[in-house]
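Hydrogens, waters and symmetry mates play no part in the numbers below; they use all other heavy atoms, side chains included. All of these numbers come straight from a predicted model, not from anything done at the bench. Below, chain A is the first sequence line, B the second, and so on; all start at residue 1.
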Protein chains: 2
Amino acid sequence: MDAAAKPRPTRIQVQKRELILDAALDVFSTNGFRGSTIDQIADAAGMSKPNLLYYFKSKEDIHATLIQRLLETWLAPLHEIDDIGDPLTELKAYIRRKLEMARDYPRESRLFANEILQGAPRIMPLLEGELKSLVDEKAHIIKGWMRDGKIARTDPWHLIFSIWATTQHYADFDVQVRAVLGPDRGGEGRFDDAARFLEQLFLDGLRP
Amino acid sequence: MDAAAKPRPTRIQVQKRELILDAALDVFSTNGFRGSTIDQIADAAGMSKPNLLYYFKSKEDIHATLIQRLLETWLAPLHEIDDIGDPLTELKAYIRRKLEMARDYPRESRLFANEILQGAPRIMPLLEGELKSLVDEKAHIIKGWMRDGKIARTDPWHLIFSIWATTQHYADFDVQVRAVLGPDRGGEGRFDDAARFLEQLFLDGLRP
DNA sequence: CTAACGTTTGTCCAATCGGTCAAAATTTGC
DNA sequence: GCAAATTTTGACCGATTGGACAAACGTTAG
């Protein structure tokens, strides 16, 4: 027996930890880290503060767990890009996947946006390491497509930035998007409209 | 004499209020409203907390003043769009102006982003009122251009969103952009690269 | 010089926050 | 059914926070 071995978690522990993380995602994504209190999270999770602190040793601990989980799923769409398919189809698919993530996981998007806005204090090494090399790798693939004349010559890095920006906008700036579109066009259909628009923009631009 | 008349402010009052607002913009834009303390702002402004509270009656007061000022200048570029010039040139100019604002006023951009991320609690009426009608008006102009065959037919509202998203990305997600571009390409030249890329994207898209 | 006015500061307060702790309540293994 | 382990809670603590206040300090006009 290893002295440092962790006893395997109870079924209740697994459930409650999941419940807390979900509540914390709600609270952190709308109030930021410093704007959120343990009481708020405990409240949203339907338990008392000391009880919550029985499952996570600190507010930092909850936040770190959320960020770590987020990053695993967040970069998955980018990983899927490879150079076996048709380049334009591949990029269209990437844009669609990113837009679906903005629609289905807006809280995760806002949590990430909050972290970056504050200067990425907790994930800076990851941005400069894992994220940079992943983007560099995909930029290399895209450069190959340009050399082969499959897509127009342009800057692959800024292309990736523009895809991130346009898709995450629909999660991070959701209230503004809905306010501007108004009650008529701001409903669920806005994501379909966005998908159609973005496909046209990225493929053909505005020139008539 | 009106009993409620405000005595006109001293020159010192004008100076100090300006100093405080500048310091507060620094602090609020990097820490968010709840993440910022009056002490931090007072420190950044080089004065004591009670002294700061002599010029602004509360933390809310400082923030509200900043937001109000921000909005005046923030929508200026959109106001400038009209249908007397060439449509493609007009849109190119708008994109360039917005990108310059991201470069020259990143703190204002992040302050705005923070506010929207938290659900725009303080400016919701403005989004649904002034902003919506302004965007509707410009969308109408753009629709005219499309009818005239001057630019490709697409959704004007989402077009505006995509311009906001791509340009503000370079202010709000600056740390991520710099981390991914690395020390070589992440210098000041990144805005020129972005300008070139965005012009090509919005004009011609990726199709070869 | 001095009275009136504008500015600055030290001290204080109540509320909130993250986190602790021991005791009580509950669940689990046998 | 019962003892051990797990879970939940109420009470509490020190630190931080937004803000109040009166006293002190400076400045300026007569």
Side-chain angles (χ1 to χ4, degrees), chain A residues 1 3-67 114 118 121-122, chain B residues 1 3 5-67 111 114 118 121-122:
Chain A
M1 279 290 274
K6 297 170 185 170
R8 77 134 91 113
T10 313
R11 191 165 50 88
I12 290 187
Q13 277 171 354
V14 175
Q15 282 179 348
K16 289 293 173 81
R17 279 180 64 98
E18 218 57 39
L19 186 70
I20 292 169
L21 286 175
D22 188 70
L25 185 54
D26 265 351
V27 177
F28 280 140
S29 67
T30 53
N31 301 106
F33 180 77
R34 284 216 48 185
S36 307
T37 70
I38 298 185
D39 279 296
Q40 282 176 37
I41 300 172
D43 236 43
M47 64 180 67
S48 64
K49 180 168 62 171
N51 195 9
L52 183 149
L53 285 169
Y54 171 72
Y55 292 104
F56 288 90
K57 71 175 198 291
S58 71
K59 184 178 161 184
E60 280 277 357
D61 189 18
I62 307 175
H63 192 259
T65 306
L66 274 179
I67 289 277
N114 257 308
Q118 324 270 313
R122 302 156 221 273
Chain B
M1 279 288 276
K6 296 171 187 171
R8 76 135 91 115
T10 311
R11 195 161 51 88
I12 290 189
Q13 277 171 355
V14 175
Q15 283 179 350
K16 289 293 172 80
R17 279 179 65 96
E18 218 56 39
L19 186 69
I20 291 169
L21 286 176
D22 189 70
L25 184 54
D26 264 352
V27 176
F28 280 140
S29 66
T30 52
N31 301 107
F33 181 76
R34 283 216 50 186
S36 306
T37 70
I38 299 185
D39 279 297
Q40 281 175 37
I41 300 172
D43 235 45
M47 64 180 66
S48 64
K49 181 168 64 171
N51 196 10
L52 183 148
L53 285 168
Y54 171 71
Y55 292 103
F56 288 91
K57 72 173 198 292
S58 71
K59 182 178 163 185
E60 281 278 356
D61 188 19
I62 308 175
H63 192 259
T65 306
L66 273 180
I67 289 276
L111 183 70
N114 257 309
Q118 325 266 311
R122 304 158 219 272

What is the distance, rounded to the nearest whole Å, between atom CG of Asp39(A) and atom P of dC17(C)? 7 Å
If only side-chain N and O atoms of Tyr54(A) are considered, is one of them under 4.0 Å from the OP1 or OP2 phosphate oxygen of dT7(D)? yes
Please state how far atom CZ in Phe56(B) lies from atom P in dT8(C), giving the value in whole angstrom units. 14 Å
For Leu52(A) and dT6(D), give me the distance from atom CG to atom P, rounded to whole Å. 19 Å
Could you check how far CD of Gln15(A) sits from C1' of dT27(C), rounded to whole Å? 13 Å
Of the candidate nucleotides dT8(D), dT9(C), dA11(D), which contains the atom at the shortest distance from the side chain of Pro50(A)? dA11(D)
Indicate whether OP1 or OP2 belonging to dT8(D) is found under 4.0 Å from a side-chain N or O atom of Ser48(A). no
Rounding to 0.5 Å, atoms CD1 (Ile38(A)) and NZ (Lys59(A)) come to a distance of 7.0 Å
Between Arg17(A) (CZ) and dT6(D) (P), how many Å, whole number? 15 Å
Tyr55(A) near the nucleic acid: base, sugar-phosphate alone, or nothing, with a heavy-atom cut-off under 4.0 Å? sugar-phosphate
Ile41(B) atom CD1 is separated from dG18(D) atom C1', nearest whole Å, by 11 Å
Using 30° and 60° as the class boundaries, would you call the ring planes of Phe28(B) and Phe33(B) parallel, tilted or perpendicular? parallel
I need the Leu25(B) CG to Thr65(B) OG1 distance, nearest 0.5 Å. 12.0 Å
Would you please confirm or rule out a distance under 4.0 Å between OP1 or OP2 of dT17(D) and any side-chain N or O of Arg34(B)? no
Does some side-chain heavy atom of Asn114(A) sit less than 4.5 Å from a side-chain heavy atom of Arg34(A)? no
Counting heavy atoms from C-beta on, name the nucleotide in dG19(D), dT20(C), dC17(C) closest to the side chain of Leu53(A). dT20(C)
Can you say whether a donor on the side chain of Lys57(A) sits under 3.5 Å from an acceptor on the base of dG19(C), or the other way round? no
Considering only heavy atoms and no angle criterion, is a donor-acceptor pair shorter than 3.5 Å present between the side chain of Lys59(B) and the base of dG19(D)? no
Arg17(A) side chain to Tyr55(A) backbone, donor-acceptor under 3.5 Å: yes
Roughly how many Å is it from CE in Met47(A) to C1' in dA25(C), rounded to a whole number? 16 Å
So, does Asn51(A) get its side chain near the phosphate of dT9(D), meaning an N or O under 4.0 Å from OP1 or OP2? yes
Output yes when at least one side-chain N/O atom of Lys16(A) is less than 4.0 Å from OP1 or OP2 of dT8(D), else no. yes
Could you give the CD1-to-P distance, from Ile38(B) to dG19(D), as a whole number of Å? 5 Å
